[in-house]
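Note on naming: letters A, B, ... go to the chains in the order of the sequence lines (proteins, then strands), and numbering restarts at 1 for each one.
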Amino acid sequence: MADKNNIIEVRNLSVEFRTDEGTVRAVKNISFNIPRGKTVGLVGESGSGKSVTSLAAMRLIPNPPGKITSGEILLDGKDLLKLTEGQMRDIRGNQISMIFQEPMTSLNPVFTVGDQIAETLMLHQKLSKTAALAKSLDLMTQVGIPNPSERIKSYPHELSGGQRQRVMIAMAIACEPDVLIADEPTTALDVTIQKQILDLLADLQKKYQMSILFITHDLGVIADIADEVVVMYRGDIVEKGTTEQIFTKPQHPYTKGLLACRPSLDSNPRRLPVVSDFMNAEGQERPLDVTVMKQQKQNRVVSDAQTTLLQIQNVKKHFPLKKGFFGGVQSWVKAVDDVTLNVRKGRTLGLVGESGCGKTTLGRTILRLIEPTAGSIIYNGTDITKLDREAMRAMRRKMQIIFQDPYASLNPRMTVGAALMEPMIIHNLGNGRNERLEMAGELMKRVGLDRAMLNRYPHEFSGGQRQRICIARALAVKPEFIICDESVSALDVSIQAQILNLLLDLQEEMHLTYVFISHDLAVVKFISDEVAVMYNGKVVEMNDAVGIYEAPQHDYTKKLLSAIPKGMPKHLS
Amino acid sequence: MSTVATQNFVPVAELKAAKGRSLWQDAFRRLRHEKVAMISLAIIIAYLVMAALCAAGLLFTNYNVTDHGAAYLPPGAGHWMGTDIFGRDVMARAAHGTITSLIVGFFGAALAVVIGTVMGAISGYFGGVIDELIVWFYTTVDTIPYILLVVAFSFVVGPGLSTLCLAIGLTSWIGHCRIVRSEFMKHRDREYVHGATALGAGHARRIFVHILPNVFHLVLINFSLGFVTAVKSEVILSYLGLGVAAGTPSWGMMISDAKLELAREVWWGLAAATFFMFFLVLAFTLFNDALRDALDPKLKSR
Amino acid sequence: MLKFILRRLLYMIPIFFGITLVTFVLFNVAGGDPAAQAAGRYATPDQITVMRAEMGLNKPLLNQYFDLVTQLFTFDFGRSWSSKQQISHLITAGIGPSLTVTFPGFVISLLITIPLSLLVAHKRGTFFDKATLVICLALTAISSVVYVLAGQYFFAFRWGMFPISGWDPSWDGRWQYAALPIIIMVSLSLGSYILFFRTVFLDEMYQDYVRTARSKGLGNAKILLKHVLRNALVPIITLVVLQVPFLITGSLLTESFFGIPGLGGLIYQAIQEADFPVIKAMTIISAVLYMVFQLISDILYALVDPKIRLG
């Protein structure tokens, strides 16, 4: 019998998807409970089946290709999987509601947000349009949308990302549901906005006595708000327990690895532990090499005495925003607004900031992938903004870049071998195909991949492997300087740790200089010697990596730091 | 808990398989499993073979044999699809009409696709003034009704098979050009192209080695779409008196001749040409659909 | 919004210039000697010279170009070579009959195909969907000329349900002649319209907002008719508005077959008789019409899509 204390009990749930390659078991016979009024965090990396599980609870799995093959999902003891579609509709948005990762696409672009909130109320509470709109206004006030009486008439695109997610939340709590399913609700948002949304969810939960199923890939996010945690891995639940148990005494090696591999602000390790330090290929625990984990990062000298490899002087990049009536430009976006930075040889400069702060534009401007509007970029004494095409091309041998999205940064129609040999052909390195193939093989080995994979195409690799290939490609020209533009942001945390370690190893071996661009302060702190904080196109603060975290000067830096989830339950940290 | 295999550990045995599979190979593997696509392809090949045999004088050699005594014979033993006004065998003429349609379809579509790809690539890749000029040009040409443009063109050059191909090719590239342009604009800013730039690749390398292979599937799809459009255009243009020279067998001519024939209850010319054209066009359309699904898996299962 | 419309209006200037230029090049520069054609096959060189002067062909090219633009603005395209009538009269007289056939035909087609496509898109992947798909593809594999020929042959010639051809200019009398062409027009467009709308609806049905609507507890009917349809309105409006100029200029095929004195029939006649001034006038008028309706569709588009409205 169902336990009265649980609002939802999932029993032996299995979900399958049919694909070209055969049937994939996305969720394998899992069971867990959501207690009344509590928050359960469902944690897992991509492909773990966590989102599929949440969609199954709403019976929203697209069929075909997906299918719930067995199990029960009990809401108050009533099996949702046995209901008719009509009965299920009465439950959706009423007793169980859901918010999604992308608030922009999840809202209908052609209706006002007020109408969209009101729609739920009119549907489930049979309110009149006027009454529903009045209540929508109240809900928008509750979720903290500024100026709600005006915003109620806005279309989704007129709101900011955080406000859109607030609208989604208002819509979800409109009928005071028993359960709110939040599927990565803060992943697409900046860290300061993430904090606001998390606080809002915690407040609303108290107010309405809701249960929340919070789905995320980031253990750090749920530490503060979850009462219980369920860890999923490849369609299985590997561990479940109270948040305190999971964070202080994790049992399963995967959980241990997951907790350890995320860089944190208050430790200073030399290398990051990775999941494979804890768990072998069979999912069994392996003896831990404690010495490596205990090594502390040596803070390297970053003073003006150090040779400066790259000087960025008063660099500006302005994009035309609005064209005037006769095509003339009326206003400009100052993406990079007068930035001056020095990058020291053999060191890593971290460039941190939220979306739209201009950090990516700056990175691309340094390599002249985008031409700067003004300023000079002096590399080893040469102002590269003044180089002609041929000289710039030769200069590119020394300066390389690794992008964020490993899926988009490799040409899908080229084999990995061809991709690695292309830079050698362009710069005339190596003698003929065989020697180049040999060199490509060496590169593969260096980034931890098998050289037998040279004949393969990018789509045959996982995200982490692709990022390794991108690194190998950048290394093919034997550069001195590499810009890593959010290079680990799209990866799962366990893979992220591997890539960060690899970057560190390569720096040591090849005496590389990095500019590491990221929105993630913890990652930046781990890998950088110096950190520059960017805000609205300007560098607002610059200091060595430890200094910036221990003694932030600028208000924005302080705000950023306080918004970072601690990665530990509040009362424990 | 059950066994955990992880992507972090490279499954060595699996990776030892030497050759990788390109997206093209993937697509054609998918295509091979589509029954409809394979049947369509077989039909298209059958038409090609028939046209080749006709052209080589091995099949339906009697297509131009006139017999005034045997005018307008209904379908029967000697002539399975009857005879036309000059007593020529309708089935033989319809079979030979395949040649005309294949030529018009192939050259019309090929010309359109080449023009569209070149213009679209230049426009989308370089942007700026060149882009604005090309967009202006095709917006202008697009406002003029297709048929009138072809008519005007035929008046200038004079009717005939090559005019037909030229007229169709020169007027139907715009849609393809638009698509290629927007794809080039999209790919120009993709990270893999930026990556190539960072490695020192010049414009030519970026265009031909990187972007073009990534939009080439659209060229195939639009070619096969254009083929169908061209075959259908031939019929309409023949009806307007702008078709191939009299005497050359063509479905368009047969269909437009039917206007007078039907008044005499002679329906078989129309039926034969429609029958022959129907299966070629349908096979091409179905194949094109499957091709699109196979080349662009994102759209699949819809 | 006003600014948007003004800017869009300004953009018509280069397009207008382009249209006149292309027409001019095709008909006045490249198109052989119109005078020789106008004077007829057996004309003497002297007659041709006279003809040239009459047609203004001995003027410098630039003047000829301005003549063309003047013609357009004064709506005076001279006389037809074959019927010797004022072309502007021929055109104004043709619009009514053309619309009599095309407008009802178009409306009926939309009324049939839009709901049907919604249903097909809703039942995607089922046998019903696949069968409809194949039938539509088969319908589009038959030449439009065949539709007209077969329609006339069976419904009028064989079964005598409608007159074979002809026209009655009175309002009540015209429908007996227009009925069959309308039916043919509708059946002609069924296949391609359903294929188009189905794709439009399917594109929308895979959007995230549909998932949100379902997660609110909305039923299929409401999702389709409110959320999906409202979003699909943008491509539908574009199609509908851009079709209007073709409704005005009528159908070449149907009108010539059924002897309807519309613009399509006029063009057909002009092509048969190599009536240059008429073809030239119709080319330029059709192009300008299309340009104007492109403007209208852009404005409507901006009204329907809230993202553009303020931008």
Side-chain angles (χ1 to χ4, degrees), chain B residues 36 132-133 135-145 147-149 151-158 228 231-242 251-252 255-256 258-259 261-263 265 267 270-271 273-275 277-286 288-289 298-299 301-302, chain C residues 11 14-19 21-23 26-27 30-32 37 121 124-125 133-134 137-138 140-146 148-150 152-153 157-158 164 198-199 202-203 205-206 245-246 249 252-253 256-257 267-268 270-272 274 276 279-280 282-284 286-291 294:
Chain B
V36 178
E132 278 177 33
L133 267 176
V135 171
W136 168 78
F137 182 65
Y138 71 57
T139 317
T140 300
V141 177
D142 196 36
T143 52
I144 300 171
I147 290 284
L148 287 175
L149 207 57
V151 166
F153 191 79
S154 303
F155 275 159
V156 174
V157 191
V228 170
V231 170
K232 286 196 206 162
S233 296
E234 190 261 336
V235 177
I236 295 176
L237 293 175
S238 296
Y239 171 74
L240 294 178
L242 304 167
W251 299 338
I255 290 173
S256 77
K259 192 187 178 188
E261 295 173 354
L262 282 180
E265 296 275 356
W267 49 267
L270 174 68
T274 306
F275 179 84
M277 187 174 141
F278 177 78
F279 288 102
L280 179 65
V281 171
L282 187 62
F284 244 103
T285 323
L286 287 171
N288 184 49
D289 254 28
K298 276 186 306 259
L299 299 169
S301 82
R302 287 199 174 178
Chain C
Y11 188 62
I15 300 296
F16 179 79
F17 172 72
I19 291 169
L21 196 69
V22 171
T23 325
L26 275 175
F27 288 94
Q37 297 191 32
R124 62 186 175 276
L133 203 63
V134 171
L137 288 173
T140 57
I142 299 168
S143 169
S144 42
V145 183
V146 177
V148 182
L149 277 168
Q152 191 184 40
Y153 175 69
F157 191 74
R158 207 65 183 282
I164 293 175
R198 178 180 173 274
T199 324
L202 278 184
D203 275 348
M205 282 164 118
Y206 283 88
F246 297 106
T249 53
L252 233 97
L253 289 178
S256 60
F257 264 102
I267 297 172
Y268 178 78
I271 294 171
Q272 297 310 303
F276 250 56
I279 298 177
K280 191 163 119 185
M282 281 310 296
T283 305
I284 204 158
S286 312
V288 171
L289 262 180
Y290 192 77
M291 178 180 79
Q294 248 176 351

Applying side-chain contact (heavy atoms from CB on, under 4.5 Å), run through Met277(B) and Val146(C) and close with a yes or a no.
CA-CA 11 Å; Met277(B) 187 174 141; Val146(C) 177; over 6 Å; no
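Between Val151(B) and Thr283(C) there is no side-chain heavy-atom pair separated by less than 4.5 Å. Residues Val145(C) and Lys259(B) are not in side-chain contact: their nearest non-hydrogen atoms beyond the backbone lie 4.5 Å or more apart. Residues Ser144(C) and Ile236(B) have side chains in contact (heavy-atom distance under 4.5 Å, counting atoms from C-beta outward). At a threshold of 4.5 Å between non-hydrogen side-chain atoms, the residues Phe157(C) and Leu262(B) do not count as touching.
Phe278(B) meets the side chain to side chain contact (heavy atoms under 4.5 Å, CB included) test with Leu282(B), Ala138(C), Ala141(C), Ile142(C); sequence neighbours excluded. Every residue meeting the side chain to side chain contact (heavy atoms under 4.5 Å, CB included) condition with Val288(C), not counting sequence neighbours, appears here in chain and number order: Phe16(C), Leu72(C), Met291(C), Val292(C).
Heavy-atom pairs under 4.5 Å with chain C peak, among Leu242(B), Val228(B), Val235(B), at Val235(B). Residue with the most contacts toward chain C among Leu286(B), Val281(B), Leu270(B): Val281(B) (heavy-atom pairs, distance under 4.5 Å). Counting heavy-atom pairs closer than 4.5 Å to chain B, the top-ranked of the candidates Met282(C), Arg158(C), Gln152(C) is Arg158(C). For the set Thr140(B), Val36(B), Ile147(B), the entry with the most heavy-atom pairs within less than 4.5 Å of chain C is Thr140(B). Interface remark: of the candidates Thr23(C), Ile267(C), Val148(C), Thr140(C), Thr140(C) forms the most heavy-atom pairs closer than 4.5 Å to chain B. Of all the listed residues (Tyr290(C), Phe17(C), Phe246(C), Tyr11(C)), the one sharing the greatest number of non-hydrogen pairs under 4.5 Å with chain B is Tyr290(C).
In this structure, a donor-acceptor pair under 3.5 Å is present between the side chains of Ser256(C) and Tyr239(B).
The contact between Gln294(C) and chain B is made entirely by side chain atoms (from C-beta outward), counting heavy-atom distances below 4.5 Å. For a residue to count as touching a neighbouring chain, one of its non-hydrogen atoms must lie under 4.5 Å from one of that chain's; by this rule Ile144(B) touches chain C with backbone and side chain alike. Heavy-atom distances place the side chain of Trp267(B), and not its backbone, under 4.5 Å from chain C. Of the two parts of Ile284(C), neither the backbone nor the side chain holds a non-hydrogen atom closer than 4.5 Å to a non-hydrogen atom of chain B. Residue contact with chain B, scored on non-hydrogen atoms closer than 4.5 Å, is absent for Leu289(C).
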